[in-house]
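Working notes, structure below.
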Amino acid sequence: MTAGSSDNVLSAVSDNLKRIRENIAEAKFKAGRTDEVRLMGVTKTVDPEIVSFSVKEGVTLLGENRVQEFLDKRDRYEGSPEIHFIGGLQTNKVKYIIDKVSMIHSADSEKLIREIDRRAVNAGLRMDILIEVNIGGEESKSGVMPEALDELAYMAAEMSGVRLRGLMAIPPIDVNGSSEIYFAKMQRLFSDLKDRTSGDDRFAVDTLSMGMSGDYETAILHGSTIVRIGSVLYGKRIYR
Ligand SMILES: *Cc1c(COP(=O)(O)O)cnc(C)c1O
């Protein structure tokens with residue numbers, strides 16, 4: 001990247017960020033919410049220099065999808081952002097990220113949660129996790145089916161190396177081009193889980209991670225507490 005184009009890219013990120021923040025504020029207002037909605041910058045394929053710029057502009061939370069890409073880039077991030085892992089995670093890769101991220105959003109099987117627990121205990125820490133729910137019930141998608149959520153949640157509650165903080169979803173788009181019915185279902189699942197586990201100190205359910213570039217305002221109307229934003233912040237990606 002040349003210095004000239006870099007300046008343009010940075011000022012675009014700055015403008016994008018301003019607009020996203022306004023949209024978040026407006027969606028919160030519409031929803032009558034005064035609690036916090038965190039903006040996560042999703043960094044896949046994004047140059048670390050641009051990521052660092054966004055951190056300087058106040059994006060304090062980053063989301064990483066790919067283990068290898070994250071390990072290659074992390075030393076070049078400036079400003080000590082908080083980092084969450086949000087991508088599909090193979091059990092054999094947990095060891096590479098366990099002491100480098102503060103939350104894993106994509107916990108979606110007993111096997112994976114057991115491995116996160118084991119590695120966290122070895123590293124002397126407790127990892128915050130979100131259970132990823134396959135809210136559209138799609139065959140090819142990651143995440144647990146809503147019916148299986150409870151069993152996994154109570155299993156995680158027994159582990160000293162993980163702390164269940166809530167739920168995550170990447171909902172499908174329905175025939176009307178909207179994810180809203182799925183966001184509404186997630187909101188219900190989340191509030192049920194929160195209600196049932198409140199006062200039980202094995203749980204600390206407070207996080208609902210949903211909403212991306214195309215639908216974050218709708219997700220906020222349905223209670224999202226972390227919106228994961230890539231392309232409308234950093235620009236279009238060539239690959240997913
Ligand atoms: C890529 C990705 C995002 C961000 O997607 P955009 O549509 O570019 O905002 C959010 N969450 C996950 C899990 C992703 O893989």
Side-chain angles (χ1 to χ4, degrees), residues 9 12-24 27 37-48 50-51 53-55 57 59-74 81-90 93-94 97 101-109 112 116 128-136 138 140-144 165-174 177-180 182-183 186 190 207-240:
V9 172
V13 169
S14 212
D15 293 346
N16 294 342
L17 187 56
K18 183 164 178 285
R19 193 168 52 245
I20 294 164
R21 285 187 170 130
E22 286 167 2
N23 292 341
I24 289 174
V37 175
R38 292 192 81 186
L39 163 60
M40 167 191 279
V42 176
T43 69
K44 61 185 179 240
T45 80
V46 182
D47 191 299
I50 297 172
V51 175
F53 173 77
S54 71
V55 173
E57 297 276 293
V59 177
T60 57
L61 174 62
L62 302 179
E64 299 290 333
N65 280 77
R66 300 183 173 98
V67 172
Q68 192 55 54
E69 182 182 334
F70 168 51
L71 297 176
D72 291 344
K73 290 192 331 193
R74 63 184 285 269
E82 188 180 344
I83 296 176
H84 292 178
F85 196 82
I86 62 172
L89 183 57
Q90 292 169 283
K93 300 276 176 68
V94 172
I97 63 161
V101 303
S102 61
M103 193 185 287
I104 295 173
H105 290 219
S106 43
D108 66 351
S109 71
L112 178 58
I116 295 170
D128 284 336
I129 63 166
L130 304 179
I131 293 179
E132 182 178 350
V133 180
N134 183 348
I135 196 63
E138 300 166 285
S140 60
K141 280 278 191 76
S142 53
V144 299
R165 294 288 300 274
L167 305 177
M168 181 269 226
I170 310 172
I173 292 166
D174 73 12
S178 166
S179 298
E180 185 150 21
Y182 301 108
F183 288 143
M186 284 301 297
F190 177 69
T207 304
L208 179 57
S209 165
M210 61 183 193
M212 318 202 309
S213 286
D215 54 18
Y216 64 94
E217 291 115 316
T218 311
I220 291 168
L221 297 180
H222 291 282
S224 172
T225 68
I226 298 182
V227 290
R228 307 180 311 264
I229 300 191
S231 49
V232 297
L233 174 58
Y234 296 117
K236 277 209 177 65
R237 292 179 297 275
I238 300 161
Y239 65 95
R240 218 181 103 82

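All values reported here derive from a predicted model rather than from experimental measurement. Atoms within each ligand, like the ligands themselves, are counted from 1 in listed order.
Within the structure, ligand 1 lacks M40 among the residues with a heavy atom less than 4.0 angstrom away.
Atoms of ligand 1 found under 4.0 Å from any heavy atom of I170 (numbered from 1 in listed order, with element): 13 (C). Residue-ligand proximity, S231 to ligand 1, at heavy-atom distances under 4.0 Å covers atoms 6 (P), 7 (O), 8 (O), 9 (O). Near I86, the atoms of ligand 1 lying under 4.0 angstrom from a non-hydrogen atom of the residue are 11 (N), 12 (C), 13 (C). The N65 neighbourhood of ligand 1 comprises atoms 14 (C), 15 (O), with distances under 4.0 Å to a heavy atom of that residue. Shown in contact with I229 at under 4.0 Å from a heavy atom are these atoms of ligand 1, numbered in order with element: 9 (O). Per-residue contacts place S213 under 4.0 angstrom from the following atoms of ligand 1 (heavy atoms of the residue considered): 6 (P), 7 (O), 8 (O), 9 (O).
Rounded to the nearest 0.5 angstrom, L17 CG and E22 CD are separated by 10.0 Å.
Within the set M212, R228, K44, the minimum heavy-atom distance to atom 14 (C) of ligand 1 is found for K44.
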Apply side-chain contact (heavy atoms from CB on, under 4.5 Å) to the pair H105 and M40, showing each step before the final yes or no. CA-CA 12 Å; H105 290 219; M40 167 191 279; 3.7 Å; yes

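Of the possible donor and acceptor atoms, none in the side chain of D15 sits under 3.5 Å from a partner among the backbone N and O of A12. A distance-only check finds a donor-acceptor pair linking the side chain of K73 to the backbone of T43 [under 3.5 Å]. When atom types are taken as modelled, the side chain of S179 and the backbone of Y182 share no donor-acceptor pair closer than 3.5 angstrom.
Judged as a salt bridge (charged side-chain N to carboxylate O under 4.0 Å, His left out), and not counting sequence neighbours, the contacts of R38 are E82.
With hydrogens and angles left out, the side-chain atoms of S224 and Y216 include no donor and acceptor closer than 3.5 Å.
For H105, no heavy-atom contact with ligand 1 is shorter than 4.0 Å.
Here's the thing with G230: one of its N/O atoms is less than 3.5 angstrom from an N/O atom of ligand 1.
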